[in-house]
Number of protein chains: 2
Amino acid sequence: MPVSRREQILAVAESVLEAEGPASLTMRRLATELGIRAPSLYKHVRSKDDIEAGLQERALRGIGEAVAAAGPELSRLTAAYRAWATAHPRLYELATRRPLHREALGPDVEESAAAPLVAAAGGDEHLARAMWATAHGLVDLELARRFPPGADIDRAWRVAFEALAPRTRPARERTGLSRDGSATVAPSPAPAGRGTPPG
Amino acid sequence: MPVSRREQILAVAESVLEAEGPASLTMRRLATELGIRAPSLYKHVRSKDDIEAGLQERALRGIGEAVAAAGPELSRLTAAYRAWATAHPRLYELATRRPLHREALGPDVEESAAAPLVAAAGGDEHLARAMWATAHGLVDLELARRFPPGADIDRAWRVAFEALAPRTRPARERTGLSRDGSATVAPSPAPAGRGTPPG
DNA sequence: GAAGCTGGGCTAACAGCGTTAGCCAGTCCA
DNA sequence: TGGACTGGCTAACGCTGTTAGCCCAGCTTC
């Protein structure tokens with residue numbers, strides 16, 4: 001009873017989505033699961049889209065925590081990212097497909113999820129975005145079964161991130177930060193005082 | 001009149017989807033656009049899902065042609081890929097979200113779309129998949145507006161593909177093919193006779 | 001203790017969705 | 001002439017998200 005009814009709805013929505021896919025995520029189904037009728041949900045939630053936005057925020061938080069718990073090393077970071085996504089494939093899908101309503105989000109969610117990656121990129125925000133996109137792309141294509149059946153996906157991850165790791169990149173392209181790939185979180189020299197997170 | 005009715009439906013579906021988004025892609029809407037009633041569509045098409053599969057194939061073909069027309073140079077390849085995706089964002093989305101029904105596809109579609117990238121990767125299929133995932137990830141996150149508002153996305157592309165380009169990668173990780181990044185389509189030394197395409 | 005407010009359930013209903021069944025006009029070919 | 005096939009049609013089903021409006025329990029305030 002300490003959890004709000006809204007949070008309860010989101011928890012049920014998450015489990016239904018993950019267990020049976022987005023087609024089963026209906027208002028009537030959620031209501032049944034909670035022992036009430038569909039219209040009653042609207043006392044706690046604005047719309048179905050509102051529920052999906054809540055799931056997105058939950059997913060972002062979950063990914064952020066998983067990645068933060070993995071420590072600063074890049075290979076463990078990417079492994080944690082991939083592990084979370086494959087453990088919650090439908091939630092990951094929903095979270096990345098939806099455009100982000102930043103104002104409706106807890107203000108720290110996006111940044112705290114991005115911070116470890118920026119650190120692993122040696123503070124280079126552009127490299128961090130490249131890494132993020134690569135990780136997302138690998139996960140997304142794997143989840144959508146777009147790689148051919150026998151493809152060695154582990155190896156694609158290794159090849160990608162050995163190429164992207166800061167220590168192996170030529171110095172000329174760096175943004176003037178320390179070249180040793182250490183985990184300093186120095187913000188990139190963006191116009192604004194603090195660096196924009198990769199997303 | 002030389003085009004089949006099915007092809008007509010797909011063309012209308014493509015333009016409606018691109019112009020107004022997936023919510024407007026309804027059977028009744030397509031029928032209205034063609035001057036008939038919704039149930040008549042089922043004389044030419046099995047289901048709405050069948051239409052979406054058709055759109056996916058069209059998209060794959062379109063991407064393949066655009067990329068092939070860009071020539072062998074990696075930077076032009078990636079530019080063509082990104083340009084196609086941003087010119088047909090909803091179609092790109094639909095094409096990559098759907099799992100691929102390979103048996104229902106023209107057998108050459110997937111391979112021919114992949115071939116130029118494998119070539120640009122110096123024949124290294126794993127690197128080709130890494131590149132593909134990176135390009136897809138960059139496009140996908142951009143289309144979903146997941147990058148923060150001021151992000152320099154062009155630069156993320158440059159950073160990513162300068163790191164991934166075969167000529168700048170250390171030789172130890174290569175699969176023993178020519179190291180000069182030339183456009184030889186030599187298959188990678190996979191167990192099967194011809195190399196598996198990246199997807 | 002009575003009155004009133006409010007939170008949170010309910011039923012009924014609406015418009016729109018994909019889809020099926022069954023009917024019928026026209027065309028083509030034997 | 002007649003049968004088969006093509007490609008329309010109407011009617012309808014069960015599902016969806018959502019709204020309107022009702023009502024009861026419990027709390028607060030006279």
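Just so it is clear, the values below take in all heavy atoms, side chains as well, and ignore hydrogens, waters and symmetry mates. Order of the sequence lines fixes the chain letters, A, B, ..., with proteins taken first and strands second; residue numbering starts at 1 for each chain.
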Can you check the [X] [atom1] to [N] [atom2] distance for me, whole Å?
X	N	atom1	atom2	answer
A:R37	D:dT16	CZ	C1'	17 Å
A:R5	C:dG7	CZ	C1'	12 Å
A:L34	C:dG8	CG	C1'	13 Å
A:I51	D:dG17	CD1	P	9 Å
A:I9	C:dG8	CD1	P	10 Å
A:H44	C:dT6	NE2	C1'	13 Å

*Using a 4.0 Å heavy-atom cut-off, write out nucleotides 18-24 of chain D from 5' to 3' as B (base contacted by protein), S (sugar-phosphate only) or - (no contact).*
BB-----
*Sequence neighbours left out, what pairs pass ring-ring contact (aromatic ring centres under 6.0 Å, His included) with at least one residue falling in residues 60-96 of chain A?*
A:Y81-A:Y92, A:W84-A:H88, A:Y92-A:H136
*So what does A:L41 touch, heavy atoms closer than 4.0 Å: a base, only the sugar-phosphate, or nothing?*
nothing
*Touch check for A:L30, heavy atoms < 4.0 angstrom, all strands: base, sugar-phosphate only, or nothing?*
nothing
_I'd like to check the ring-ring contact (aromatic ring centres under 6.0 Å, His included) partners of A:H44; sequence neighbours left out, ordered by chain and number._
none
*Short side-chain N/O contact to D:dG7 OP1/OP2 from B:S40, under 4.0 Å*: no
*Between C:dC17 and B:T26, is there an OP1 or OP2 to side-chain N/O distance shorter than 4.0 Å?*
yes
Just distance, no hydrogens or angles: give the donor-acceptor pairs under 3.5 Å from side chains in residues 54-67 of chain A, sequence neighbours left out.
residue, atom, partner, partner atom, Å
A:Q56, NE2, A:A95, O, 3.0
A:Q56, NE2, A:R98, O, 3.2
A:E57, OE2, A:R61, NH2, 2.5
A:R58, NH1, A:E14, OE1, 2.6

_Does any part of the side chain of A:T134, heavy atoms only, come nearer than 4.5 Å to the side chain of B:M131, both counted from C-beta?_
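B:M131 does not reach A:T134 side chain to side chain.
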_salt bridge (Lys or Arg N to Asp or Glu O under 4.0 Å) against B:E73, all qualifying residues, sequence neighbours excluded_ =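 Partners of B:E73 by the salt bridge (Lys or Arg N to Asp or Glu O under 4.0 Å) criterion come out as none, since no residue qualifies.
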*Check salt bridge (Lys or Arg N to Asp or Glu O under 4.0 Å) between A:D152 and all other residues, then give those that pass, not counting sequence neighbours.*
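Partners of A:D152 under the salt bridge (Lys or Arg N to Asp or Glu O under 4.0 Å) test: none.
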